[in-house]
Amino acid sequence: MSIRPLVILPDSKLRLISEPVKEITQEIRQLAEDMLETMYDAPGVGLAAIQIGVPIRMVTMDVSKTEDERQPMVLINPEVIWASEEKRVYEEGCLSIPEYYEEVERPDRVRFRYMNLQGETLEQDADGLMATCVQHEIDHLNGVLFIDYLSKLKRDRVMTKFKKAAKREVGA
């Protein structure tokens with residue numbers, strides 16, 4: 001297992017649409033382990049493969065409350081198949097947009113389908129933080145960031161801030 005470097009805004013890779021996983025190979029299993037280690041190290045509750053520069057439809061998540069109760073999930077080719085009409089606002093952040101948090105409104109409950117590392121197709125209902133997390137991570141697979149739900153003014157401010165930071169890093 002190894003911790004992989006995160007792709008950070010304004011990197012255009014974050015806007016790529018990820019390709020479906022066709023078969024679960026040893027490389028996919030290794031990537032899942034690396035993603036979980038990277039996510040826990042960050043620390044975060046979710047990570048899409050594109051956030052470490054791999055444009056495939058795979059997500060890791062763990063919305064457990066404490067490190068002692070870890071409940072890691074690996075979602076391959078996940079998709080939301082139902083969403084409630086009721087909405088909920090959560091403060092979201094993103095490992096690819098460090099130290100920036102904003103309230104985002106999303107469906108309160110969802111049902112999602114995914115494949116696990118054993119190749120089984122599963123469906124799961126989620127609400128609260130898990131529903132928000134799964135929607136946020138699936139958005140990544142489609143090249144969508146949580147800042148896309150904000151007003152144009154707020155989104156432009158975030159992009160400007162991260163573009164300036166990237167220029168400073170290149171110039172360093």
Side-chain angles (χ1 to χ4, degrees), residues 1 3-4 6-9 14-21 24 28-52 54-150 154 158:
M1 291 197 318
I3 296 169
R4 305 262 193 116
L6 293 167
V7 176
I8 304 294
L9 195 71
L14 293 171
R15 295 301 185 174
L16 293 175
I17 296 182
S18 296
E19 295 294 322
V21 174
I24 298 169
I28 292 293
R29 287 185 179 90
Q30 182 61 55
L31 178 63
E33 285 184 28
D34 290 355
M35 287 174 63
L36 284 166
E37 188 171 348
T38 302
M39 179 186 79
Y40 287 130
D41 180 70
V45 296
L47 185 71
I50 192 61
Q51 290 180 272
I52 57 169
V54 183
I56 63 168
R57 299 185 80 78
M58 187 159 76
V59 164
T60 56
M61 290 181 8
D62 188 341
V63 294
S64 58
K65 301 281 188 254
T66 68
E67 218 174 281
D68 299 337
E69 301 172 7
R70 281 188 174 167
Q71 297 174 332
M73 295 180 71
V74 176
L75 312 180
I76 298 170
N77 301 330
E79 60 181 327
V80 172
I81 56 174
W82 175 84
S84 67
E85 289 184 25
E86 304 88 50
K87 306 285 188 200
R88 179 179 297 224
V89 174
Y90 262 101
E91 185 178 73
E92 293 188 31
C94 181
L95 298 177
S96 292
I97 310 173
E99 299 175 16
Y100 182 78
Y101 303 90
E102 197 64 62
E103 290 189 339
V104 175
E105 183 180 69
R106 296 183 185 268
D108 182 38
R109 297 183 324 277
V110 295
R111 178 172 300 122
F112 59 100
R113 180 183 298 136
Y114 65 98
M115 194 168 32
N116 65 16
L117 286 172
Q118 289 70 48
E120 303 165 310
T121 299
L122 304 170
E123 287 186 12
Q124 186 166 336
D125 291 327
D127 61 9
L129 178 58
M130 181 180 272
T132 297
C133 187
V134 77
Q135 292 173 82
H136 176 113
E137 299 307 331
I138 290 173
D139 275 353
H140 272 299
L141 303 180
N142 297 318
V144 176
L145 302 174
F146 86 94
I147 60 172
D148 296 339
Y149 293 92
L150 307 179
K154 283 183 179 179
V158 174

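Keep in mind that the numbers below use all heavy atoms, side chains included, and drop hydrogens, waters and symmetry copies.
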Taking atom types as modelled, find out whether Glu69 and Ser64 have a side-chain donor-acceptor pair closer than 3.5 angstrom.
no

Atom pair CD1/CG of Ile52 and Leu6 - distance to nearest 0.5 Å
8.0 Å

Would Leu75 and Met58 satisfy side chain to side chain contact (heavy atoms under 4.5 Å, CB included), going step by step from the backbone distance to the final call?
CA-CA 6 Å; Leu75 312 180; Met58 187 159 76; over 6 Å; no

When you look at CD of Glu91, are more than 12 heavy atoms from neighbouring residues, nucleotides or ligands closer to it than 6.0 Å?
yes

To the closest 0.5 Å, what do you measure between CG (Leu31) and CZ (Arg4)?
5.0 Å

So, Asp34 versus Gln30: side-chain donor-acceptor pair below 3.5 Å or not?
yes

Can you find a heavy atom in the side chain of Leu9 that is under 4.5 Å from one in the side chain of Ser96?
no

Separation between CE (Met73) and CG (Asp62), nearest 0.5 Å, reads 9.5 Å

Closest non-hydrogen atoms of Cys94 and His140, given as atom of the first, atom of the second and distance, are SG-NE2, 3.4 Å

What heavy-atom pair brings Arg57 and Pro78 nearest, and what distance separates the two atoms?
O-CD, 3.7 Å

From the list Leu47, Ile3, Thr60, side chain to side chain contact (heavy atoms under 4.5 Å, CB included) with Glu37 holds only for Ile3

Are Glu137 and Gln51 side-chain neighbours, meaning at least one heavy-atom pair lies under 4.5 Å?
yes

Tell me the closest heavy-atom pair linking Leu95 and Pro43, and the distance in Å.
CD2-O, 3.7 Å

Looking at Arg109 and Glu86, is there a salt bridge between them, counting it only when a charged N and a carboxylate O are closer than 4.0 Å?
yes

Test your reading of the model: is there a side-chain donor-acceptor pair from Glu79 to the backbone of Tyr114, 3.5 Å cut-off?
no

Would you please name every residue forming a side-chain hydrogen bond (donor to acceptor under 3.5 Å, both in side chains) with Glu123, sequence neighbours left out?
Arg113

Can you measure from OH (Tyr149) to CD (Glu102) and round to the nearest 0.5 angstrom?
14.5 Å

Sidechain-backbone polar pair: Arg111 side chain, Asp125 backbone, donor-acceptor under 3.5 Å:
no

Counting only N and O atoms by type, is there a donor-acceptor contact under 3.5 Å from the side chain of Tyr90 to the main-chain atoms of Leu129?
yes

Taking Ser84 for the side chain and Asp108 for the main chain, is one N or O donor matched with an acceptor at less than 3.5 Å?
yes

Roughly how far, to the nearest 0.5 Å, is CZ of Arg70 from CG of Leu36?
9.0 Å

With rounding to the nearest 0.5 angstrom, report the CE to CD1 distance, Met115 to Ile28.
9.0 Å

Pair Asn142-Arg15, side-chain donor/acceptor within less than 3.5 Å
no

